[in-house]
Protein chains: 2
Amino acid sequence: MQIFCVNKSVRLGMPRLQETDVTVKERVRIGGRSARIQQAVHDAVRKLDAFSTRNQITVPQIAAEAGVTPSTIYRRWGDLSALLADVAVERLRPIADPDDTGSIEGDLRAFIEQYAEEMSSPVGLALMRDVLATTGQGQPGACAGFTCDHLTTINERAKARGEQPFDIDEVIDHVVAPIVYRTLFSDEMPTAAYCRQLVDRIYPKT
Amino acid sequence: MQIFCVNKSVRLGMPRLQETDVTVKERVRIGGRSARIQQAVHDAVRKLDAFSTRNQITVPQIAAEAGVTPSTIYRRWGDLSALLADVAVERLRPIADPDDTGSIEGDLRAFIEQYAEEMSSPVGLALMRDVLATTGQGQPGACAGFTCDHLTTINERAKARGEQPFDIDEVIDHVVAPIVYRTLFSDEMPTAAYCRQLVDRIYPKT
């Protein structure tokens, strides 16, 4: 599993979900031929992605780069958009827990600012688009699951400190969702000030 | 311009934005050859869309159906995803104003419930995905613009009645955005009860 930075200056968390391959039709034996093929194909997509514009990448190209046949890719992923979505989910998979700032409010503010920065970066936006471009429902759910996991971690840490946890659904609906909507549908990317205002609704200034 | 229902039971509004063709590289003379080509290509996409799964549609197929050369399509739209996004924007373009229920709160509640129903329908979701799949920024902005236009219409009508308008940005961030986020990223589609709860934040029950 690669370590990926959506935004070069900031890293995303640790692997958390048990289900790695949301669209992989067959179960992968770790270390087996199937796992090696998956790794080779994912690596090929990332390599081609770095050197081509997205609409130039084809299944035959990926197959050639990965040393497999195109039919192997079609059999396993169904089509190109499902493969690209699968690679995007892997790249969005957290590689570290949210920063521990010592308080739940601090943790949430730090996480949201980093989340907005990463998701609205050109790479983050491209990965979100890949995740959404497939008709399979698994990848968008996995992507949203990573965010829920982070919020749960912040809440668990807060409980251990004796702090009151926040309502995760409220943070999703009124902090995460507006950031994602503005990132996807407007030319103005969410600023740090905008993120602070959204979190102010959860933690009003006293 | 076609009249399209995202959800068969409900219709979306009237043409409102002046800019019709967000990605068309050349200006279209109404009634001219350029406009006829655009219409033929859009019609071809819609026809093929009805009979094929999305990943089977190709530019040569669309060109053959529309009676133009593939290079005409590439010259005008750049690539397939930009063309599909352009067609999706046209299909999402409103064909009627939001219902006038006699009060701003009623108008907003009716509009939001209809919006959620249409956007979370299989057709609405597919169109949103097409709009987001292109790297051009124009189509997602046009799509969000339609929603803003509707909210502006509701506000203008309220002002004429002597009612206090709502803050459009607040409705976008805390009512529209959660609906779109849950539609795109979760398997659970927004229910009417969920929409009502979101609007309750703008119009608390007294």
Side-chain angles (χ1 to χ4, degrees), chain A residues 53-57 59 74 77-85 89 92 119 122 125-126 128-148 169-190 194-195 197-198 201, chain B residues 53-57 59 74 77-85 89 92 119 122 125-126 128-148 169-190 194-195 197-198 201:
Chain A
T53 67
R54 169 49 45 98
N55 291 300
Q56 293 169 339
I57 299 178
V59 169
Y74 289 118
W77 280 277
D79 62 35
L80 179 59
S81 70
L83 168 58
L84 294 178
V89 168
L92 288 166
M119 288 300 121
L125 184 54
M128 258 202 291
R129 282 191 177 128
D130 279 351
V131 162
L132 293 172
T134 184
T135 46
Q137 282 292 319
Q139 294 91 348
C143 191
F146 297 153
T147 310
C148 273
D169 275 337
E170 193 177 351
V171 173
I172 295 289
D173 281 343
H174 300 289
V175 183
V176 171
I179 289 169
V180 170
Y181 183 87
R182 295 207 177 251
T183 299
L184 289 174
F185 288 96
S186 82
D187 292 335
E188 287 174 46
M189 289 297 137
Y194 174 75
C195 294
Q197 281 168 23
L198 292 173
R201 293 175 76 100
Chain B
T53 67
R54 170 49 44 96
N55 291 301
Q56 293 170 339
I57 298 178
V59 169
Y74 289 118
W77 281 276
D79 62 35
L80 179 60
S81 69
L83 169 57
L84 294 179
V89 167
L92 288 166
M119 287 302 119
L125 184 53
M128 259 202 291
R129 283 192 177 126
D130 278 352
V131 161
L132 293 172
T134 184
T135 47
Q137 282 293 319
Q139 292 92 347
C143 192
F146 297 153
T147 310
C148 273
D169 276 336
E170 193 177 350
V171 173
I172 295 288
D173 281 343
H174 301 288
V175 183
V176 171
I179 289 169
V180 171
Y181 183 86
R182 294 207 177 250
T183 299
L184 290 174
F185 288 96
S186 82
D187 293 334
E188 287 174 45
M189 289 298 136
Y194 174 75
C195 294
Q197 280 168 22
L198 292 172
R201 294 175 76 100

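What you see is a predicted model; the values in this text were computed from it and never measured.
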- Query: Is the closest side-chain heavy-atom distance between A:F185 and B:Q139 below 4.5 Å?
  - Reply: no

- Min side-chain heavy-atom separation A:D173-B:R182 under 4.5 Å: yes

- Item | Nearest-0.5 Å distance that lies between atom CG in A:L132 and atom CE in B:M128 | 9.0 Å

- So which part of B:E170 gets closer than 4.5 Å to some heavy atom of chain A, the side chain, the backbone, both or neither? side chain

- Quick one: does B:R201's side chain get under 4.5 Å of A:R201's, heavy atoms only? yes

- Item | Note, B:L184 side chain near A:L184 side chain (heavy atom, < 4.5 Å) | yes

- Task: Name the region of B:L198, side chain, backbone, both or neither, that has any atom closer than 4.5 Å to a heavy atom of chain A.
- Result: side chain

